[in-house]
Number of protein chains: 2
Amino acid sequence: MTTDRRSPRPRLTDVAAVAGVSMKTVSNVMGGYAPVSEATRAKVLAAVDQVRYRPNLSARNLARGRSGVIALTVPRLDLPYFASLAGSVVEAAGEHGWFVLMHQTGGDLDGERRALLGDHPQRLDGMILSTQWLEAEEIAARPDPTPLVVLGDHPVPGPVPHVGIDNHAAGLAAAQHLLATGRRRIALIGAPSPGAEPGRAQGLIDGVRAAGLPVLPELTRPITANTGDAGESATARMLAEVDEVPDALFAVTDWVAMGAIRALHARGLAVPRDVAVMGFDDIPYARSVSPSLTTIAPDREAVARSAVEALEAQVGGVLPGDDAGPAAPDGEHFAPFELVVRESTGTGI
Amino acid sequence: MTTDRRSPRPRLTDVAAVAGVSMKTVSNVMGGYAPVSEATRAKVLAAVDQVRYRPNLSARNLARGRSGVIALTVPRLDLPYFASLAGSVVEAAGEHGWFVLMHQTGGDLDGERRALLGDHPQRLDGMILSTQWLEAEEIAARPDPTPLVVLGDHPVPGPVPHVGIDNHAAGLAAAQHLLATGRRRIALIGAPSPGAEPGRAQGLIDGVRAAGLPVLPELTRPITANTGDAGESATARMLAEVDEVPDALFAVTDWVAMGAIRALHARGLAVPRDVAVMGFDDIPYARSVSPSLTTIAPDREAVARSAVEALEAQVGGVLPGDDAGPAAPDGEHFAPFELVVRESTGTGI
DNA sequence: CTGAAAGCGCTTACAG
DNA sequence: CTGAAAGCGCTTACAG
């Protein structure tokens, strides 16, 4: 029983012949939405099994007038947060019959702009764009009519749906955790940019203020990129310039927190004894570094699912049964998050 | 100047009409390999630009008899090594006209086996399978005729091409580095499995022995998974059982090294003062942890390029000009690597 | 439900 | 090079 590499793949007509039904019936069973009786359905599925039929997606997509491909754009695929998000998007998209074309922006405005203008070499059914720098106006004004969903930390008011977690609420939760463990001088690495919507950094600030405590400007540092290097140098600069060292530090990402810890260690400060440190994202390494990182864990699968659903809503019903047509994009979608407490904010050491 | 979302996309015939040539000529310019005069070529490209034409890949693939899709299987996409490898594969595949369908095995034998048997919901032009556990015999005996390339740390003798770095040579380089910095009692977390081909762990052992030094069995520990947790517990167990602490530790991955450092710290040992630590992979966090990690950096882009080329060689010429036909798979492909020295093996602290 | 057929937008022999 | 046409394997109105 050898398998000939060159043997032609079974087609829909082969299945129809074996099952003794019409092509249309097979097509309906395979994915169309016309009602098929249970008996016929079973007969067709048995025939599919027998000849080992798999639909040719190129033909299906050609006939349906869609490409079957969406693009997913992230800053970099070697950032675990975006990598695992990409994994979840690939899964969620697959359940809607989509392949995912991966793109990387490099993490700067220029790369995001290029992705938005999307000079893709092929036609896309939609795009999911993870952005840190693009403004809502620029997103709204794009010339390309391809259905779009935006992911990222800041809400994007306007016609384009946005999926994210409630960063302000997460920042509040971080503040409450640090305050609950007795910390009072809280530093913030990755300050909110002026004029930005309230995000995780603003949430932290509001949470500290709500407890009647000040947020000292000299403990609040912006960074240019969410990398370990940027976190390390911003923290080192802060430590060099401040009179009294903070007793807690909130970094806007885990990677930034890892850099901050390097700077604290270089100054001879122990974590968490002298300074409690919190990150954000719950990357897989958060539990492996020394000390392990307390962090906020966004529900990546929920983000991915919402994003694909928001895209599907714009594309409109693909199947005959979905006769609702393209729905209006509907703004803001929030996914859940969780506070994960580990050693870096512990009181034990 | 509004863009109608519903306006029909330009087709090949539209380009042909504008350029005043035949469909076939346009097709040849777009990707066929029949010779076209420079003047005609320029006329066609101008027309493509004018009507903003993009080929419909579903139609092209249907006509060419390929799906335009290859599958890439990795343990997990949130492991930065595999994530950045995936990014490189996506790029390299794109240059050959392929989309990449991402799969994750979860990192166990069962997941790899399922990927190998490949019950994919669609037809694939090829598969790139990153494996840690599958044996060469099982890979060679697969029933599925889809062209396959295997990635991973152990060579796979047999008909299926394998791409990787020379792990044994990398292990030798690691040993030489540790010995050159004066270390003599070298521990190994992630021992070679019995009967396995010589890999990075065996390379380290051979390098130490070549210097006339013993490799102590009690300093050589296997682990069940290349995670931080596994590295931490294996290292902790070793430290608890050994009479004299090692002065260096080689971990088979950076993540394992991060766990090992946690265990060393828990025992009050300083890195690198008391114990030098080396990892493997050069994940982005290797430079952000404290202390930053000395490691081996495989050339991921070279791995990705070789893998896609090895796949292309099996699929055979897609374009009319490539009339060589499917080439015989040709075994082992090695990509370069680099030793990156950072703080964790430094002598400065 | 069936059957026969048009159409999706390409590629590619074929005759000129 | 051109022109006219078949074919890739689906989906889907159309008449029954």
Side-chain angles (χ1 to χ4, degrees), chain A residues 6 8-17 19-44 47-48 51-69 97 121-123 125 317-323, chain B residues 6 8-17 19-44 47-48 51-69 97 121-123 125 317-323:
Chain A
R6 297 261 165 236
R9 294 257 189 177
R11 290 155 305 158
L12 206 54
T13 51
D14 302 320
V15 177
V21 300
S22 75
M23 271 176 68
K24 179 157 177 44
T25 302
V26 179
S27 179
N28 282 338
V29 170
M30 291 306 289
Y33 263 28
V36 180
S37 76
E38 254 328 303
T40 311
R41 189 185 172 68
K43 219 165 42 176
V44 169
V48 164
V51 305
R52 320 198 86 235
Y53 173 71
R54 312 258 181 77
N56 179 322
L57 294 190
S58 295
R60 169 179 291 176
N61 287 326
L62 177 60
R64 285 188 177 168
R66 52 185 296 196
S67 67
V69 176
Q122 64 286 314
R123 304 169 189 211
D125 292 340
V318 178
L319 304 173
D322 305 355
D323 45 16
Chain B
R6 297 262 165 234
R9 294 256 191 180
R11 292 155 303 158
L12 207 54
T13 51
D14 301 320
V15 177
V21 301
S22 72
M23 271 177 67
K24 179 156 178 47
T25 303
V26 178
S27 179
N28 282 337
V29 170
M30 292 306 290
Y33 261 27
V36 180
S37 77
E38 252 330 301
T40 312
R41 188 184 173 69
K43 220 166 38 179
V44 169
V48 164
V51 304
R52 317 199 87 232
Y53 172 71
R54 311 255 185 79
N56 179 323
L57 293 191
S58 294
R60 169 179 290 176
N61 287 326
L62 177 60
R64 284 188 178 167
R66 53 187 298 205
S67 67
V69 177
Q122 64 286 314
R123 306 172 187 208
D125 291 341
V318 178
L319 303 172
D322 305 355
D323 45 16

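Below, read A as the first sequence line, B as the second, and so on, with proteins coming before strands; counting in each chain starts at 1.
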* **Counterpart residues, side chain to side chain donor-acceptor pair (under 3.5 Å), relative to T13(A) (two or more places apart)** => none

* To do: Over all heavy atoms of both residues, which pair between S27(A) and L12(A) is shortest? Give the atoms and the distance, please.
  => CB-CD2, 4.2 Å

* Could you pull out the closest heavy-atom pair between A59(B) and L62(A), with the gap in Å? => CB-CD1, 3.8 Å

* All side-chain contact (heavy atoms from CB on, under 4.5 Å) counterparts of D14(B), not counting sequence neighbours -> P10(B), R11(B)

* Can you list the residues that meet the side-chain contact (heavy atoms from CB on, under 4.5 Å) rule with R60(A), with sequence neighbours excluded? -> M30(A), P55(A), L57(A), R64(A)

* Distance below 4.0 Å between S22(A) side-chain N/O and dG3(C) OP1 or OP2 -> no

* Rounded to the nearest angstrom, tell me the gap between atom CG in N28(A) and atom P in dT11(D). => 9 Å

* **5'-to-3' dot-bracket of DNA chain D (Watson-Crick, G-U; under 3.5 angstrom; crossing pairs as [ ]; | other strand)** => |||.||||||||.|||

* Asked: Contact class for T13(B) vs. all strands (heavy atom < 4.0 Å): base, sugar-phosphate, or nothing?
  -> nothing

* Structure fact -> Hits for salt bridge (Lys or Arg N to Asp or Glu O under 4.0 Å) against R123(A), two or more places apart or cross-chain, chain-then-number order -> none

* Asked: dT11(C) P sits how many Å from N61(B) CG, rounded?
  -> 9 Å

* Asked: Considering residues at least two apart in sequence or located in another chain, which fulfil the side-chain contact (heavy atoms from CB on, under 4.5 Å) criterion with A19(A)?
  -> V21(A), V44(A), A47(A)

* Could you tell me which residues satisfy side chain to side chain donor-acceptor pair (under 3.5 Å) with D125(B), sequence neighbours excluded, listed by chain and number? => R66(B), S67(B), W98(B)

Can you name the atoms? Protein N/O to nucleotides 6-9 of chain D N/O, anything below 3.5 Å, with the distance.
unit_1	atom_1	unit_2	atom_2	d
dC8(D)	O2	A63(B)	N	3.4
dG9(D)	N2	A59(A)	O	3.4

* Could you check how far CE of M30(A) sits from P of dT11(D), rounded to whole Å? => 8 Å

* To do: Examine dC10(D): is either OP1 or OP2 under 4.0 Å from a nitrogen or oxygen in the side chain of S27(A)? Give yes or no.
  => no

